[in-house]
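First up is the structure itself, then whatever we jot down about it.
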Amino acid sequence: MKPVCSIVIRAFNEEKHLGRLLEGISQQTIQNVQVILVDSGSTDNTVKIAIENNVHVVSIDPEDFTFGHSLNIGIEAAESDLVLIASAHVYPVYPDWIEEILEPFSDPSVALVYGKQRGITGSQFSERQIFVHWYSDISKNPQDHPFCNNANAAIRKALWKKNPYNESLSGLEDLAWAKWAQENDYKIVYNAQAEIKHIHEESWRGIKKRYLREGMAFKSIYPQEHFSLFDLVRLFVKNASSDIRQAKKEHVLLQEVSGILRFRWLQFHGTYLGYQRSGPLTWQLKQSFYYPGKNNFRAAQNLGRDVQPIDYHKNSDTIE
């Protein structure tokens with residue numbers, strides 16, 4: 001029986017989080033799904049966990065990894081016409097996650113749907129503000145810009161065959177693909193009901209590298225754009241000030257202010273450096289960008305809809 005959708009998960013050493021995502025998938029209202037894990041050289045129990053949960057595993061060498069290449073390998077193995085893409089360190093909040101993210105595809109002109117993301121209580125304060133800013137509580141069908149995020153998105157495989165993901169980009173392969181879709185008169189949809197928790201466990205150095213590689217990718221997608229030192233300072237001051245005001249409202253300013261300043265500086269300094277950088281995505285850069293060290297954060301449940309959230313009882317040690 002053909003699956004309703006195929007779910008492609010990219011992973012590298014995700015034993016801490018993968019089980020929770022797979023449990024969330026197992027509790028969805030739509031059960032006829034194919035799950036594919038694209039593993040890029042994990043040395044922990046990631047692959048073992050996937051196999052124990054009847055996940056189809058596709059392996060690639062670490063030196064071959066880019067976000068685009070990993071997705072292309074996974075989507076090639078997809079049996080369904082609709083492909084849901086998820087990072088291994090996310091998990092759905094509600095049991096209708098798959099149902100909600102697939103619903104807009106009833107319109108044949110829809111190419112891509114992406115859903116809401118929220119951080120956890122252990123996330124950086126500024127990161128949580130970014131999620132709130134990027135992913136509102138109001139759905140948009142269609143939206144008038146190509147922003148999206150492949151940590152929580154779905155596409156049509158037939159359109160992917162026409163335009164596979166760009167494998168040379170250091171990041172933002174989702175933005176490049178959505179830009180192509182809109183330029184070819186297809187719709188991009190944001191569905192706020194398709195919500196996940198996104199756990200970033202980066203060191204300070206890892207945060208800077210993330211924005212550096214995204215800056216490189218954005219400059220490649222939009223070569224006419226510029227990011228000056230003035231932009232760096234202006235955006236740092238604007239966003240740090242906004243975060244500080246919000247932290248004050250939440251009565252957490254004293255414990256969060258240093259993290260806010262550091263995160264926002266690394267965000268925009270990394271972006272600035274990325275815009276200045278040019279050249280191929282070498283193996284040395286891949287090692288730096290994609291294989292960082294890890295910290296430990298704990299995940300939190302989320303409430304807010306009439307639908308009851310998933311009870312992650314099997315992974316209760318990682319839920320606050």
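Values in this document were obtained by computation on a predicted structure and should not be read as measured data. Just the heavy atoms: all of them, side chains too, but no hydrogens, waters or symmetry mates, feed the values below.
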So, taking the atom named CG in Leu169 and the one named CD1 in Ile221, what distance separates them when rounded to the nearest 0.5 Å?
5.0 Å

Check this for me, if you would: do Asp81 and Lys2 make a salt bridge, where the nitrogen-to-carboxylate-oxygen distance has to be below 4.0 angstrom?
yes

Shortest non-hydrogen pair, Gly74 vs Ile36, comes out as O-CD1, 3.6 Å

Reported CG-to-CD distance for the pair Asn239 and Gln129, which is rounded to 0.5 angstrom:
10.5 Å

Distance-only, no hydrogens or angles: does the Arg20 side chain make a donor-acceptor pair with backbone N or O of Tyr312 under 3.5 Å?
no

Sequence neighbours excluded, every pair satisfying ring pair (Phe, Tyr, Trp, His ring centres under 6.0 Å) that has a member inside residues 68-88
none

For residues 218-243, the salt bridge (Lys or Arg N to Asp or Glu O under 4.0 Å) pairs (sequence neighbours left out) are Asp231-Arg234, Asp243-Arg264

I need the full list of ring pair (Phe, Tyr, Trp, His ring centres under 6.0 Å) pairs touching residues 100-126, with sequence neighbours left out, sorted by first then second residue.
Tyr114-Phe147, Tyr114-Tyr190

Any side-chain heavy atom of Leu71 within less than 4.5 Å of one from Trp177?
no

So which heavy atom on Gly119 is nearest to which on Lys197, and how close?
O-NZ, 3.2 Å

What closest approach, in Å, do Ser220 and Pro223 show between heavy atoms, and which atom pair accounts for it?
O-CD, 3.7 Å

Between Ser109 and Lys187, is there a donor-acceptor pair closer than 3.5 Å when you use the side chain of the first and the backbone of the second?
no

Between Gln182 and Gln143 (side chain of the first, backbone of the second, donor and acceptor by atom type, cut-off under 3.5 Å), is there such a pair?
yes

Contact summary for Tyr165 and Asp174, nearest pair of heavy atoms:
CE2-CA, 4.2 Å

Are Ile260 and Leu254 linked, directly or through intermediate hydrophobic residues, by side-chain heavy-atom contacts shorter than 4.5 Å (ILVMFWY only)?
no

Any side-chain heavy-atom pair of Asn152 and Glu195 under 4.5 Å:
no

Ring pair (Phe, Tyr, Trp, His ring centres under 6.0 Å): pairs with one or both residues in residues 37-59, sequence neighbours excluded
none

Member of Thr46, Asp39, Asn13 meeting the side chain to side chain contact (heavy atoms under 4.5 Å, CB included) criterion with Leu18
Thr46

Just by distance, do the side chain of Ser70 and the backbone of Phe65 share a donor-acceptor pair under 3.5 Å?
no

Value for CD1 (Ile98) from SG (Cys5), rounded to nearest 0.5 Å, stands at 5.0 Å

Apply side-chain contact (heavy atoms from CB on, under 4.5 Å) to the pair Thr271 and Leu235, showing each step before the final yes or no.
CA-CA 11 Å; Thr271 300; Leu235 290 172; over 6 Å; no

With Glu103 via salt bridge (Lys or Arg N to Asp or Glu O under 4.0 Å) - residues at least two apart:
none

Cluster link Val252 to Val132, ILVMFWY, side chain under 4.5 Å
no

Quick check: do Trp160 and Glu76 have side-chain heavy atoms less than 4.5 Å from each other?
yes

Approximate separation, where rounding is to 0.5 Å, of Tyr91 OH and Glu23 CD:
11.0 Å

Donor-acceptor pair, side chain of Glu15 and main chain of Asn45, under 3.5 angstrom:
yes

Residues Gln34 and Ser80: closest non-hydrogen pair is OE1-N, 4.3 Å

Is the shortest heavy-atom distance from the side chain of Gln117 to the side chain of Val90 under 4.5 Å?
no

Parallel, tilted or perpendicular: which one describes the rings of His198 and His89, with boundaries at 30° and 60°?
tilted

Parallel, tilted or perpendicular, as decided by the 30° and 60° cut-offs, for the rings of His269 and Tyr272:
parallel

Check: Glu214 side chain, Leu172 main-chain N or O, donor-acceptor pair, under 3.5 Å
no

Is there a side-chain contact between Arg205 and Lys209 (heavy atoms, below 4.5 Å)?
yes

Looking at side-chain heavy atoms only, is the closest gap between Arg213 and Arg210 below 4.5 Å?
yes

Do Glu14 and Ile49 come close enough that some side-chain heavy atom pair is under 4.5 Å?
no

Just to verify, which of Leu22, Ile51, Ile9 counts as forming a side chain to side chain contact (heavy atoms under 4.5 Å, CB included) with Leu37?
Ile9

Mind checking the SG-OH spacing from Cys148 to Tyr135? Nearest 0.5 Å is all I need.
8.5 Å

Side-chain touch Leu21/Pro92, heavy atoms, less than 4.5 angstrom
yes

Under 3.5 Å, is there a donor-acceptor pair linking the side chains of Gln193 and Asp96?
no

Can Ile73 and Val8 be said to form a side-chain contact (heavy atoms from CB on, under 4.5 Å), step by step?
CA-CA 9 Å; Ile73 293 294; Val8 174; over 6 Å; no

Flag, side chain of Asn53 to backbone of Val55, donor-acceptor distance under 3.5 Å
no

Please name the pair of heavy atoms, one in Ser139 and one in Ala192, separated by the smallest distance, quoted to 0.1 Å.
OG-N, 2.9 Å

Point-to-point distance, once rounded to the nearest 0.5 Å, from CD1 of Ile244 to CG of Leu253:
6.5 Å

Contacts satisfying ring pair (Phe, Tyr, Trp, His ring centres under 6.0 Å) that involve residues 221-244 (not counting sequence neighbours) are Phe218-Tyr222, Phe227-Tyr275, Phe236-Trp265

Donor-acceptor under 3.5 Å (Gln28 side chain, Gly24 main chain):
yes

Walk me through whether Val93 and Arg118 qualify under side-chain contact (heavy atoms from CB on, under 4.5 Å).
CA-CA 10 Å; Val93 178; Arg118 288 292 182 264; over 6 Å; no

Whether the Glu127 and His200 side chains hold a donor-acceptor pair (N or O, under 3.5 Å, no angle test) is what I'd like checked.
yes

side-chain contact (heavy atoms from CB on, under 4.5 Å), that's the test. Do Leu273 and Lys208 meet it? Break it down for me.
CA-CA 9 Å; Leu273 293 177; Lys208 182 177 180 178; 3.5 Å; yes

